[in-house]
Number of protein chains: 2
Amino acid sequence: MNERSFLNIRAFNRKHMSIISKSQIKRSALVKATINLVNNNGFHAAPMSKIAKTAGISPGTIHLYFENKQDMINQVYIEVKAAYTRFAFKDYKASFSVAEGFENIWKNIAEFKLKEVEEAMFLSQCDNTPMVDEASRQEGLKHLRPLLDLWERGQKEGIIKPVSPYLLYAFSIYPIAFMMNTQQQQHLKLTPEQINEAYNMAWNSIKN
Amino acid sequence: MNERSFLNIRAFNRKHMSIISKSQIKRSALVKATINLVNNNGFHAAPMSKIAKTAGISPGTIHLYFENKQDMINQVYIEVKAAYTRFAFKDYKASFSVAEGFENIWKNIAEFKLKEVEEAMFLSQCDNTPMVDEASRQEGLKHLRPLLDLWERGQKEGIIKPVSPYLLYAFSIYPIAFMMNTQQQQHLKLTPEQINEAYNMAWNSIKN
DNA sequence: AAATAATGAATGAACGTTCATTTTTGAACA
DNA sequence: TGTTCAAAAATGAACGTTCATTCATTATTT
């Protein structure tokens, strides 16, 4: 075991103890503070001292939860990405038709990106900069499988355009991030009608 | 005049002298180095000293061209954004039909994003972080007018979906940035056929 | 009272910026 | 063409600040 083994024990406890420990509270306060400060000032202007202060924690304490700043960013990224994909596939059933399944997933993602703005903005920043390392980026990508499988099925059924999944993602899912950005910068809130219009645009771009 | 007036004189010379001055060479070396280092390491890991070294220039010299690091980033952003929009509208004529005009602009933007990868990646990073200040962001947005006008015309003609221009942008232009990202990360090059498929997806999402 | 968690002042490295000094430039003159 | 010299440009060591990280000490929990 390496010098981080005690952290793993803590992680073990977090997973298998049903009580919410104090350390869990502090950790999630740190995660929240990190997301908040990185969103508002960028990674380069989110010093550990400020993150600690925002979380109501001493600077030194951060290093009980994370090895260093880079490790913290990586872990936060992976956690938020996991929450994002979990949300994306909630209520999803493999028995859905391709069209049903896609609408379900798309609207979940839209709901996440337009409502959990803090998390979504953080992800957008991480995905467009060298902030997080390649390994964490790969890790974050894992949980998207069900969507890729759905598209593959759709292509076999002749419902979905026979193009690279990257293109499908680029034209149907990725635009939601832009919608979130403008909604945030323009201080407006998209109406359900607008979201439905957006969904139709997404579907029109990938349907055969 | 403020303490930067001598810079303005330099800027005047740059604009009105046909010779390429040495200072112009150094400035553009700085701009190139900035783009390169920010792309590879992010803003927070692109120190002035490294930028200077990459540009073959002494650290102190940077401040003859830019007030400070923030000013440098802002200026580089505005310049690259201007180059981007200039490229986007090359060969564009107001006499084009809406469909012709859109295809022209879309393919220009795709060409820029997929070939001038360094510049495009830099823009993508700036557009998704608080790296550049709000004023510079607004400045960079100015030159997109012709596309918005085209869409408005298309909507009057009933060719383009009657939705917010932000949605039109999100689903037709923004995806190109994702295409660039994956092309870069996957070390592959999109074929002309794939680009055409992508264009069709863009058009399908915004056409009525 | 032993074990665990948290503290925060201290440390050293790294950064952006400054400015006294050196180098380069180019117009004027021989 | 070659020389001079004041102005302009460039240099890079030095400065003050900020940052991530450490660890001896204190507080809390069990």
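Just so you know, these numbers use all the heavy atoms, side chains as well, and skip hydrogens, waters and symmetry mates. Below, chain A is the first sequence line, B the second, and so on; all start at residue 1. Not measured: the values here are computed from a predicted model.
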Minimum-distance pair of heavy atoms, taken over all atoms of B/Y65 and B/Q75:
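That would be O-NE2, 4.4 Å.
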Can you give me the closest heavy-atom contact between B/F102 and B/L150, atom names plus distance?
N-CD2, 3.4 Å
Let's see if you can work this out: which of [options] has an atom nearest to the side-chain heavy atoms of [X]?
| X | options | result |
| --- | --- | --- |
| B/N68 | D/dT21, C/dT17, C/dG16 | C/dT17 |
| B/T61 | C/dG8, C/dT7, D/dT11 | D/dT11 |
| B/L64 | D/dA10, D/dG12, D/dT21 | D/dA10 |
| B/M48 | C/dT17, D/dT11, D/dT21 | C/dT17 |
| B/Y65 | D/dA20, D/dA10, C/dT17 | D/dA10 |
| A/P59 | C/dG16, D/dT11, D/dT21 | D/dT21 |

Polar side chain donor-acceptor pair, B/Q186 to A/Y166, under 3.5 angstrom
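Indeed, the side chains of B/Q186 and A/Y166 share at least one donor-acceptor pair under 3.5 Å.
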Nearest whole angstrom, please: distance from the [atom2] of [N] to the [atom1] of [X].
| X | N | atom1 | atom2 | answer |
| --- | --- | --- | --- | --- |
| B/L30 | D/dA10 | CG | P | 10 Å |
| B/L37 | C/dG16 | CG | C1' | 16 Å |
| B/N41 | C/dA14 | CG | P | 15 Å |
| A/K53 | C/dG8 | NZ | P | 11 Å |
| B/I25 | D/dA10 | CD1 | P | 11 Å |
| B/H63 | D/dC15 | NE2 | C1' | 13 Å |
| B/I62 | C/dT17 | CD1 | P | 9 Å |

Phosphate oxygens OP1/OP2 of C/dA5: is one of them under 4.0 Å from a side-chain N or O of A/K26?
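For A/K26, the contact criterion (side-chain N or O under 4.0 Å from OP1 or OP2 of C/dA5) is not met.
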On DNA chain D, does the nearest nucleotide to B/I57 precede the nearest nucleotide to A/S49 from the 5' side, or the other way round? Give the residue.
B/I57
Note: for A/H44 and A/G60 on DNA chain D, the residue whose nearest nucleotide lies more 5' is A/H44
Are the side chain of A/T61 and the backbone N or O of A/I57 linked by a donor-acceptor pair below 3.5 Å?
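Between the backbone of A/I57 and the side chain of A/T61 there is no qualifying donor-acceptor contact (under 3.5 Å).
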How about A/Y169 and A/Y174: are their ring centres within less than 6.0 Å of each other?
no
